K.L.:
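Can you keep this structure in mind? I'll have questions shortly.
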Amino acid sequence: MEIKYEYSRKRSEFGRPCSFSDLLAEVTVDIPPDPTLAEDFIPQDPVDFGVQEGPVLGMHEVNTERAQVSIRGVNHVEGGWPKHVDPKNAELTTRYREEVEREEVYTKTVQRLGFVVEHYIRQNNTIDIYEEYFEEEEEEEEEEEHPSAKTVNVIRDPNNPRRMATHLSWHPDGNRAVAVAYCSLDFQDSRKDLNSDSYVWDLEKPYAPELTLKPSSPVLTLEYNSKDWHHVLGGCYNGQIVCWDTRKGGLPMEMTPVEFSHRDPVYGAYWLTSRTGTECFSGSTDGQVLWWDIRKMSQPSERLVLDISRQDQLKDALGAISLDFAPVLPTKFLVGTEQGIIISCNRDAKTPPEKIANIFRSHIGAVYRVTRNPFFPKVFLSVGDWTARIWTEELMDSSAIMETKYHSSYPLNTCWSPVKPAVFFTARSDGVLDVWDFLFHQKEPSLSLKVSNDPLLSLCSQDNGRIVGCGTRMGNVSLLEISPGLCTLRKNEKTLTSTMFEREARREKVLQDKYKEQLLREQERLRAQPEEQEDPVQTFKQAQEDFLSSIKAERRRRGLEVPGEDEEGEAAAQEQS
């Protein structure tokens with residue numbers, strides 16, 4: 001290889017810092033302007049340039065596969081015996097133990113090992129390695145946390161036109177799935193392209209339903225069987241009761257015949273706690289509660305007419321628009337009616353009229369939801385009109401022991417928290433979810449969250465109380481994650497809640513007794529007075545004077561009174577009379 005030029009430097013000059021100095025400017029290249037190039041330029045005035053500097057973000061999703069769990073067992077077999085001793089022979093094993101225990105080596109070995117074992121036992125009892133030193137401080141930190149909630153997922157009705165999400169039911173196996181009933185409750189909705197399917201959604205794959213349930217009529221309610229997770233019970237719009245086995249697909253496994261079913265839509269259907277796990281019951285606005293067995297659904301096994309006059313007349317029955325059943329009370333259930341009355345029923349009564357145990361005149365309008373407290377089954381919650389109210393079965397003919405404030409929008413659904421006895425949720429027609437904690441706030445909700453612009457129709461909480469599902473009128477189901485402070489049971493919270501309910505029940509009983517006493521006094525006073533014949537003319541004049549005086553006071557309050565107008569009005573009223 002030929003070397004053109006060689007650069008050489010002394011070894012001592014390697015790594016020396018560079019020394020720069022200032023020099024005068026020097027022109028290396030000079031390019032004169034070319035006038036002929038000016039024709040190629042296009043002048044623009046003004047010229048705007050937009051520059052934005054921001055980080056480039058990317059969204060990635062990872063869905064891990066479900067872990068495959070296998071069950072394995074170990075069978076321990078007794079061993080260590082000499083060959084001449086049969087372990088199955090109790091006489092030989094007992095004789096061999098006695099021989100070993102009489103040996104001097106056995107006694108010395110037990111004494112030597114006894115000192116070692118005693119040393120470690122004393123060592124373990126000296127220090128509790130599981131002791132929590134800062135438990136009180138952690139509780140104080142949790143109390144300071146503000147209530148909050150966030151939307152973790154939204155499930156949408158895949159069909160067009162959209163239908164209402166009327167009911168939710170969580171899968172008993174760790175709440176891994178949710179069954180959603182879709183139905184249109186609009187009066188005389190005659191859209192021909194309206195779908196009647198309902199769906200089971202896997203929370204790990206919320207973009208497509210896991211199973212499509214295909215009933216003969218749209219379903220208003222769906223319920224999983226807690227004993228057999230594969231059985232799903234549904235109540236249809238045409239009054240039929242349908243049962244699915246999810247292992248066999250979306251077609252119904254059993255279905256009640258139309259002639260023996262309800263005459264109106266089924267607003268409530270629940271599984272009963274029976275040995276077989278196949279019994280259920282349903283309620284409808286036709287005024288009937290029917291009991292069924294999915295092994296024989298050709299006709300109901302029992303029937304109850306919701307006639308509060310106890311005449312067992314279907315024409316006088318009240319329509320059931322909500323139903324509740326608690327497994328801790330296997331023979332009792334609650335029915336909320338369209339007429340604003342809550343009926344407490346007992347299935348074990350001998351005659352149908354006796355099955356209507358108690359009647360609570362709760363609301364002016366329909367009782368959209370009634371549900372028992374999971375910790376205190378005698379206490380139940382109802383929503384209707386513009387408020388939610390808490391009742392107790394210990395007070396029969398009385399008002400609610402507690403209630404929320406009146407809202408400008410209707411509360412359409414409610415449910416208790418399964419982990420905190422004083423916390424419950426209410427869903428309103430303006431799309432707001434309210435979280436109430438009556439141990440801390442009784443006049444205002446602890447948390448109000450705007451979930452949707454559409455009314456919230458269905459509401460259901462998971463068993464751990466952490467996730468709450470809300471179904472809207474447009475078929476969207478929003479899954480909300482509640483902050484730990486609203487789904488963690490604190491120390492003595494159950495005792496405090498029980499004391500609160502008992503205090504409010506005593507207060508209501510005192511008020512009820514005072515009202516009855518005042519009513520008796522008024523009746524005695526009226527009986528003591530001589531009967532006087534009322535003059536209808538005098539009564540009319542008195543009512544006329546009261547009416548005119550109230551109008552006069554209202555006009556004076558508004559500043560609209562004109563001098564001389566009252567005399568003219570009175571004269572005109574008298575002429576008219």
Side-chain angles (χ1 to χ4, degrees), residues 187 308 318-319 321 336-342 359-368 382-391 395 397-412 414 426-432 434 436 441-445 448 450 453 455 504 507-577:
F187 181 66
I308 58 176
L318 305 182
I321 200 172
T337 64
E338 292 178 306
Q339 291 76 12
I341 296 176
I342 299 176
I359 298 172
F360 300 88
R361 303 187 182 276
S362 54
H363 298 274
I364 301 173
V367 182
Y368 292 109
S382 67
V383 289
D385 307 334
W386 300 270
T387 182
R389 293 174 178 172
I390 297 178
W391 309 78
L395 299 178
D397 302 326
S398 65
S399 302
I401 60 174
M402 304 179 78
E403 65 179 22
T404 64
K405 68 175 184 178
Y406 282 80
H407 299 278
S408 58
S409 56
Y410 266 55
L412 299 177
T414 186
T426 57
R428 300 191 343 223
S429 60
D430 57 354
V432 175
D434 290 332
W436 296 83
H441 304 285
Q442 297 182 7
K443 296 184 178 180
E444 294 291 336
S448 291
K450 182 73 172 178
N453 293 326
E504 295 298 326
R507 179 186 64 82
E508 183 60 33
K509 190 174 186 306
V510 169
L511 293 176
Q512 183 181 358
D513 293 342
K514 287 185 176 181
Y515 174 74
K516 290 182 178 178
E517 183 180 353
Q518 184 180 359
L519 197 62
L520 289 174
R521 288 179 181 176
E522 186 67 19
Q523 292 176 356
E524 292 176 0
R525 187 182 65 82
L526 293 176
R527 280 197 295 267
Q529 290 181 353
E531 295 185 1
E532 298 179 357
Q533 190 70 24
E534 293 186 355
D535 186 7
V537 177
Q538 188 66 27
T539 304
F540 176 76
K541 287 184 178 180
Q542 182 64 33
Q544 183 183 19
E545 291 177 1
D546 295 342
F547 175 72
L548 293 175
S549 61
S550 62
I551 293 178
K552 184 178 179 180
E554 181 66 19
R555 293 176 66 86
R556 186 185 296 110
R557 185 181 66 83
R558 298 185 181 184
L560 301 176
E561 186 175 355
V562 180
E565 187 177 354
D566 296 329
E567 290 79 1
E568 296 177 1
E570 292 178 1
Q574 290 176 0
E575 289 178 2
Q576 187 177 1
S577 63

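Everything numeric here is computed off the predicted structure, so don't read it as measured data.
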K.L.:
So, for Trp436 and Glu444, which heavy atoms are closest and what is the spacing to 0.1 Å?
P.N.:
CZ3-C, 3.5 Å
K.L.:
Return the minimal non-hydrogen interatomic distance between Ile390 and Ala400, and the atom names on each side.
P.N.:
O-CB, 3.3 Å
K.L.:
How many angstroms lie between CZ in Arg507 and CE in Met402, if you round to the nearest 0.5 Å?
P.N.:
8.5 Å
K.L.:
If the threshold is 4.0 Å, N to carboxylate O, is there a salt bridge linking Arg557 and Glu554?
P.N.:
yes
K.L.:
What I want to check is whether the side chains of Thr414 and Thr426 have a donor and an acceptor closer together than 3.5 Å.
P.N.:
no
K.L.:
Once rounded to the nearest 0.5 Å, what's the spacing between atom CD1 of Ile321 and atom OG1 of Thr337?
P.N.:
9.0 Å
K.L.:
Work out which heavy atom in Ile364 is nearest to a heavy atom in Asp385; give both atom names and the distance.
P.N.:
N-OD2, 2.8 Å
K.L.:
Short question: side chain of Ser409, backbone of Arg428 - any donor-acceptor pair under 3.5 Å?
P.N.:
no
K.L.:
Any side-chain heavy atom of Leu548 sitting closer than 4.5 Å to one from Lys552?
P.N.:
no
K.L.:
Can we say Glu517 and Lys514 salt-bridge, meaning some charged N sits less than 4.0 Å from an Asp/Glu carboxylate O?
P.N.:
no
K.L.:
What is the distance from atom CD of Glu524 to atom CG of Leu520, rounded to the nearest 0.5 Å?
P.N.:
6.5 Å
K.L.:
Specify the closest pair of heavy atoms between Thr387 and His363, including all atoms of both residues, with the distance to one decimal.
P.N.:
O-CE1, 3.8 Å
K.L.:
How far does CD of Gln518 sit from CZ of Arg521, to the nearest 0.5 angstrom?
P.N.:
8.0 Å
K.L.:
Grab the two heavy atoms, one from Ser362 and one from Gly340, that are nearest each other, plus how far apart they are.
P.N.:
OG-O, 2.8 Å
K.L.:
In sequence, state the C-alpha distance, the side-chain angles, and the governing distance for Gln542 and Gln544, and then conclude on side chain to side chain contact (heavy atoms under 4.5 Å, CB included).
P.N.:
CA-CA 5 Å; Gln542 182 64 33; Gln544 183 183 19; over 6 Å; no
K.L.:
Measuring from Gln339:CD to Leu318:CG, what's the distance to the nearest 0.5 Å?
P.N.:
4.5 Å
K.L.:
How close do Ser382 and Trp391 get, counting heavy atoms only, and between which atoms?
P.N.:
OG-NE1, 3.0 Å
K.L.:
If you measure from OG on Ser429 to NE2 on His407, what distance do you get to the nearest 0.5 Å?
P.N.:
10.0 Å
K.L.:
Using modelled atom types and a 3.5 Å cut-off, is there a donor and acceptor pairing between side-chain atoms of Lys450 and backbone atoms of Asp430?
P.N.:
yes
K.L.:
Take a 6.0 Å sphere around NZ of Lys541 and say whether it holds more than 12 heavy atoms from other residues, nucleotides or ligands.
P.N.:
no
K.L.:
Should we count CG of Asn453 as having more than 12 external heavy atoms under 6.0 Å?
P.N.:
no
